[in-house]
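Notes follow once the structure below has been shown.
In this text, all values refer to a predicted model and were calculated from it rather than measured experimentally.
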Amino acid sequence: MRRAILAIDEGTTGTRAAWVSETGEVGGLHYQRLGVDSPRPGVVEQDATEILTATISVVRAAYASAVEAGIEVTAVSIAAQRATATLWDTVTGRPLAPSMVWQDSRHSTELAGLADEWDDRLWPSVGRPTGVRSVYLWAKHLLGDPNRVELREARASGRLAFGTIDTWLLWNLTGEQTPMVGTTNATSSGAYVLADHAYHHDYIDTLGFPGDLLPELRDDVGEFGFLRPEILGVELPVHVAIGDQHAGIVGLGAISAGQAMCVHGTGSFVDLNVGSTLPENAGRYEGALSLVGWRAEGRSVFSVETFAATTGSAIDWLIDTLRLFDSAQELSRLAASGRHSHVVSIPALTGVRMPRVHTGVGALLAGLSTATTREDIALSVLEGIAQSVTWCLHADEEVAAMRADHVTVGGGLSKSDPLIQLQADLSGLPHLRYGDTDKASLRGAAFLAGVHSGLWSDLAEATSTLGAPDVFEPRLSPAERDERTGDWRARVDAEIALADAREARTATHIAADLGSHTDTDRRDTAV
């Protein structure tokens with residue numbers, strides 16, 4: 001009988017589950033969409049009960065498929081969206097507030113006020129700055145809200161639990177009643193000391209979060225209890241609880257130091273595997289975060305992560321809003337016939353993250369002339385994405401003090417040959433594309449669980465099941481590459497300078513208005 005791991009991938013907009021066999025086959029894939037609510041600017045929330053219900057539904061469907069196919073499921077793995085937090089009552093099992101999603105920025109101003117005191121301390125230990133959101137600060141404010149009577153009562157009676165989505169799922173899916181969090185999810189929550197596998201208690205205390213509510217820190221791979229028998233009718237061990245992006249690193253085969261991955265979705269994430277040594281230059285770029293890639297058997301594999309926020313969504317915007325193209329496939333097809341010219345595209349609908357994070361910079365399509373064609377514009381759009389990815393990759397390398405060997409790509413846009421060739425050309429690195437890259441998180445979580453349970457001897461054997469990839473070799477000379485990247489980055493720098501100037505003028509006008517009001521108040525008082 002064939003054996004397999006039952007893998008859960010709980011994302012932001014949907015939950016899916018599938019079985020991953022010992023040959024690497026992914027089968028029985030079931031998906032259920034999730035709602036995401038934004039009741040006011042900066043606030044992004046989800047219903048944890050909906051997440052749990054959807055997860056159980058797809059798990060049951062995937063397991064039924066395995067049984068029907070005569071496959072023996074030996075263990076369960078969970079990959080979950082990172083830094084989305086939940087508070088719940090341990091007696092009723094009911095969430096006591098909407099979950100705060102990782103895209104939430106309601107407390108960004110308060111966190112910015114802590115940056116001067118804390119950023120220099122957080123970069124070398126936690127690998128990231130105070131940032132724009134904190135699960136701990138969010139919980140602290142809810143606990144202090146006098147209108148949250150039920151939550152405050154649960155806290156007073158010792159019935160309150162807190163955690164990220166992996167914590168919530170583990171508590172509900174297994175019989176373990178101690179809230180637990182995998183290392184990578186703790187890392188992404190912004191108060192995990194990378195070198196010590198411990199919480200940064202001083203920072204958490206500063207945020208005002210009660211330390212006794214912190215979930216128990218666990219490796220991403222290990223013993224998380226057994227699936228409740230009422231879910232599937234059998235007790236299956238849960239061996240993995242990992243962040244979805246980190247599962248993708250493994251699922252795309254970037255398992256050794258110097259290997260990088262790029263996953264294209266709404267944005268494009270670029271992760272560099274650093275190995276067992278911490279990145280040397282944490283803090284060099286505000287947008288480059290040092291992370292635990294994954295942790296097993298008491299040992300951490302570290303990584304550096306960057307991302308361009310609106311690459312896939314920029315293409316959607318060009319298609320759905322501006323209606324310049326009918327589909328991403330058409331854009332890619334046209335780009336294959338485009339000419340490299342002075343047309344420049346910067347996919348920055350919500351700002352840029354390289355060379356620094358700046359939300360005041362907008363998307364750009366410039367350099368047009370009467371000779372410009374749709375093919376040229378399509379090519380420039382893909383080049384803007386490739387340039388963004390290349391800058392992210394170079395930042396990862398600088399922070400890690402390590403040159404990448406190659407980049408493995410995944411996600412929807414990775415199907416575009418012109419885009420991946422541009423990434424290879426501009427980065428000077430071979431790019432590898434395996435089949436079914438959209439299932440990377442499912443495979444990665446399953447590979448880790450399978451190695452732990454003996455389905456594969458190690459990750460090298462597990463990732464060998466990916467087969468042979470398509471390989472895109474760089475075609476530009478170093479001089480051409482430097483010229484193209486230099487010109488594009490100069491345009492980004494110019495846009496940042498312009499945004500800075502606009503912000504400075506706005507600040508001057510506000511100050512002048514305040515001064516005018518003060519003078520008027522003084523005159524009124526004098527009268």
Side-chain angles (χ1 to χ4, degrees), residues 1-10 17-28 59 62-63 66 71-80 166 169-170 173-174 180-185 187 197 217-227 235-259 261 271 273-276 291-303 408 410 432 434 436-437 439-467 469:
M1 178 178 284
R2 287 189 297 163
R3 296 176 298 165
I5 304 296
L6 182 60
I8 300 167
D9 181 15
E10 199 294 300
W19 47 263
V20 181
S21 75
E22 50 200 326
T23 63
E25 178 188 1
V26 179
V59 163
Y63 182 74
I71 291 172
E72 178 191 2
V73 174
T74 60
V76 177
S77 63
I78 300 172
D166 63 325
L169 291 178
L170 287 169
L173 297 179
T174 73
M180 301 174 285
V181 60
T183 300
T184 50
N185 283 287
T187 301
H197 184 54
L217 280 174
R218 295 289 193 90
D219 289 1
D220 296 296
V221 184
E223 307 298 325
F224 292 96
F226 289 82
L227 213 61
E235 285 189 322
L236 294 172
V238 180
H239 286 324
V240 168
I242 191 170
D244 52 5
Q245 195 70 20
H246 307 261
I249 297 175
V250 178
L252 288 175
I255 60 173
S256 300
Q259 296 178 333
M261 77 155 194
D271 291 73
N273 186 327
V274 182
S276 59
L291 305 166
V292 174
W294 68 90
R295 183 176 174 88
E297 298 181 347
R299 295 189 295 273
S300 294
V301 173
F302 298 104
S303 64
T408 306
L432 280 56
Y434 291 97
D436 290 336
T437 60
K439 302 178 179 70
S441 294
L442 289 164
R443 276 201 176 101
F447 287 165
L448 289 165
V451 170
H452 181 78
S453 61
L455 200 62
W456 299 283
S457 60
D458 55 25
L459 285 178
E461 182 185 2
T463 55
S464 70
T465 64
L466 294 173

Test item: [X] and [Y] side chains (from C-beta on) under 4.5 Å apart, heavy atoms:
X: Leu170; Y: Val181; value: no
X: Tyr63; Y: Val76; value: no
X: Phe447; Y: Ile255; value: no
X: Val238; Y: Phe226; value: no

How would you list, by chain and number, every residue that makes a side-chain contact (heavy atoms from CB on, under 4.5 Å) with [X], sequence neighbours excluded?
X: Thr187; result: Thr183, Tyr192, Leu194, Leu291, Val292
X: Ala449; result: Ile5, Ser77, His239, Val240
X: Ala296; result: Val221

Worksheet item: Taking atom types as modelled, is there a side-chain donor on His452 or Glu297 under 3.5 Å from an acceptor on the other?
Response: no
Practice prompt. With sequence neighbours left out, write down each residue that passes salt bridge (Lys or Arg N to Asp or Glu O under 4.0 Å) with Asp244, or none if nothing qualifies.
Written response: none
Worksheet item: For Asp9, what residues pass the salt bridge (Lys or Arg N to Asp or Glu O under 4.0 Å) criterion, not counting sequence neighbours?
Response: Arg16
Worksheet item: When you check the gap from the basic side-chain N to the acidic O, do Asp220 and Arg295 get nearer than 4.0 Å?
Response: no
Worksheet item: Which residue pairs pass the side chain to side chain donor-acceptor pair (under 3.5 Å) test when at least one of the two sits in residues 17-26, sequence neighbours left out?
Response: Arg2-Glu25, Arg3-Glu22, Trp19-Ser65, Ser21-Thr23
Item to complete: Only one of Asp436, Val250, Leu252, Thr437 passes side chain to side chain contact (heavy atoms under 4.5 Å, CB included) with Arg443; say which it is.
Response: Asp436
